[in-house]
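These numbers come from the heavy atoms of this one structure, side chains and all, not from hydrogens, waters or symmetry mates.
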Amino acid sequence: MLALELILLGAALLLLLSIFASKASGRLGVPALLIFLAIGMLTGSEGPGGIHFDDFVLAQWIGVVALAYILFAGGLDTDWEEVRPLFPQALALATAGVAGTAILVGWFTHAVLGFSMLEGFLLGAIVSSTDAAAVFAVLRSRGVQLGRRVKSVLELESGSNDPMAVFLTLSAILLISRPEATMGSIVADFFQQMTIGAVSGFTIGWLGVVLINRVRLEYEGLYPVLTLSLVLLIYGLTAVIGGNGFLAVYLAGVIMGRKPFIHKRSLIRFHDGVAWLMQITMFLALGLLVFPSRLVTVAWIGLLIAMFLMLFGRPMAVMLTLAPFRMPLREKVFISWVGLRGAVPIILATFPLIAGVPRAGVIFDIVFFIVLTSVLFQGTTIPFVAKILGITTDEDQMPGELARRGESDLITVAVSENSPAARRRVVELGLPKDTLILLVNRDRGFLVPVGSTRIEPGDRLMVFTSKRSVDRVRAMIGGD
């Protein structure tokens, strides 16, 4: 019992330390993930903590589960109406851009550093995906806001490029482990995984909304449990039938985020908290895996690859991928620079270790060094580069700011007997996303509505909405 108590105490202290240390990351302009990794490394066997942890299988399991919840939360919080016009650009970056980055880094690693072509491609595939969530954390901490177009592209790319990196990594491992494997079978496997993943994500995401709205659970606290279960169901079921589980959970989140359902706002906040918990846990576990003394031996190789990736690999892949699209050069340059690497490459670096790929240990150490270099170099310069390129904006979408700028209204709408909203729950009204029912005046009393609140004839609703939606909201609620 004492050992268990010590483990629980240590876990609590590490989580608390990570949470409070994240405040320092904002002041220093460094992504919080670097703080989490550093705490994990200091706690490890070569740090003051002295905790010996080298279970790569357990670390991979933690990473996969954590990434599933992080992707779902990202999809749930995605404003599809805002990012939809930039979907082709983001999709191109998440597929061709990732593949291009992997190929270019693989070529450099083979030509300059003497790795075999397949080993080089494996390393390139592992570091090919980006972590724009870390970028937005840096920008928010420094008070920098990107223009809507750049923000939408980065948001959608970061949420959808991990499945491609996972597929490329597994394909490279397969080619190394089984030389008889053909490119035709790999291409067929790609289309199978992506197709099944997409169909599963759309289908289960839609069914999830129907389930949440119709199940009518007696206790509100069970709705978060329901959505937690859905994430595991989506990932597990999709993977079992041969699809890409990461793509499925992200798309399911996007689909659910587009539709109204009971307790939507509270569930989005809940999953945002879960995503932070998963990130902290994942980074701490990955930090524990690393032996700092081994990083010194690969420092010069890791630095060369990191510089090529940041200055040539990612920019060349982005420029070629976005060439068919009409975007200002300065936006393409910024998207090229925002190639911040996060936890996903470190998780993917455990795959060749578990598969017994030759030189997998060296590749893991190089990948970890590349991530650290990217976070330190790119993470601290992103706000500066954004301002230099002139792609920042003073636009603020918070309701209070919208009200001060005269772009929103606080209106009162009476619900008549023949109103379209009469006897319907708030979640069923289909109100615009920029609209919020603040109070319901009923029988000389007031109540704060939730998704399951039923609107009754005679109610007077206090509604906050944008000016462009005022007439539509009045028609949907009042019927006039």
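Here the CE-CG distance, from M194 to D189, works out to 9.0 Å after rounding to the nearest 0.5 Å. Between I347 atom CD1 and T169 atom OG1 the span is 11.5 Å, to the nearest 0.5 Å. From L168, atom CG reaches atom CD1 of I173 across 11.0 Å, with rounding to the nearest 0.5 Å. In this structure, L228 CG and L222 CG are separated by 11.5 Å, a value rounded to the nearest 0.5 Å. With rounding to the nearest 0.5 Å, the separation of CZ in R149 from CD1 in I391 is 10.5 Å. Note that CG of D77 is 6.5 Å distant from CG of D272, once rounded to the nearest 0.5 Å.
No donor-acceptor pair under 3.5 Å is formed between the side chain of S374 and the backbone N or O of V371. For the pair Y235 (side chain) and V249 (backbone), a donor-acceptor distance under 3.5 Å is absent. Side-chain atoms of T381 come within 3.5 Å of backbone N or O of Q378 as a donor-acceptor pair. Put simply, the side chain of K332 never gets that close to the backbone of P315: no donor and acceptor are under 3.5 Å apart. Judged by distance alone, with hydrogens and angles left aside, the side-chain atoms of R330 form a donor-acceptor pair with the main-chain N or O of G390 at under 3.5 Å. With hydrogens and angles disregarded, no donor-acceptor distance shorter than 3.5 Å links the side chain of Q279 to the backbone of I70. Looking at K259, its side chain never comes within 3.5 Å of a backbone N or O of V209 through a donor-acceptor pair.
Taking 4.5 Å as the limit, some side-chain heavy atom of I212 sits within range of a side-chain heavy atom of T227. Within the 4.5 Å cutoff, no side-chain heavy atoms of L93 are placed close to those of N161. In this structure, the side chains of L438 and L410 come closer than 4.5 Å at one or more pairs of heavy atoms. The side-chain heavy atoms of M41 and F368, taken from C-beta on, include a pair separated by under 4.5 Å. Between I262 and R425 there is a side-chain heavy-atom pair separated by less than 4.5 Å. Two residues are said to be in side-chain contact when any heavy atoms from C-beta on lie closer than 4.5 Å; N441 and M462 fail this criterion. With contacts defined as side-chain heavy-atom distances shorter than 4.5 Å, the pair I126/F364 does not qualify. Here the side chains of L348 and V166 are in contact, with some heavy-atom distance below 4.5 Å.
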**Candidate pair Y250 and D162, rule side-chain contact (heavy atoms from CB on, under 4.5 Å), full reasoning** = CA-CA 10 Å; Y250 177 72; D162 292 334; over 6 Å; no
**Request:** Walk me through it: do V210 and F261 pass the test side-chain contact (heavy atoms from CB on, under 4.5 Å)?
**Result:** CA-CA 8 Å; V210 175; F261 55 85; over 6 Å; no
**Request:** Could you please spell out the steps behind the side-chain contact (heavy atoms from CB on, under 4.5 Å) verdict for T130 and R314?
**Result:** CA-CA 10 Å; T130 62; R314 162 80 176 179; 3.4 Å; yes
**Asked** Should F72 and M256 be marked as a side-chain contact (heavy atoms from CB on, under 4.5 Å) after you check the CA-CA gap, both sets of side-chain angles, and the distance that decides it?
**Response** CA-CA 10 Å; F72 179 77; M256 293 180 68; 3.8 Å; yes
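A pairwise comparison of heavy atoms in A198 and L247 identifies N-CD2, 3.9 Å as the closest pair. Across all non-hydrogen atoms, the minimal contact from V413 to I411 is CG2-CD1, 3.8 Å. Considering all non-hydrogen atoms of both residues, S469 and T435 come closest at CB-OG1, 4.3 Å. Pairing each heavy atom of P420 with each of M476, the nearest pair is CB-O, 3.6 Å. Nearest heavy atoms, S200 versus T238: CB-OG1, 3.3 Å. Nearest heavy-atom pair across T321 and P324 is O-CD, 3.2 Å.
Within a 6.0 Å sphere centred on CD of E220, other residues, nucleotides and ligands contribute 12 heavy atoms or fewer.
Ion pairing of R442 with E456 is absent here, as no side-chain N (NZ or NE/NH1/NH2) approaches a carboxylate O to less than 4.0 Å.
Residues S128 and T101 bring no donor and acceptor atom of their side chains to less than 3.5 Å of each other.
Checked against salt bridge (charged side-chain N to carboxylate O under 4.0 Å, His left out), E218 has no partners two or more places apart in sequence or in another chain.
Taking the six-membered ring for Trp and thresholds of 30 and 60 degrees, Y69 and H271 have nearly parallel ring planes, at less than 30 degrees apart.
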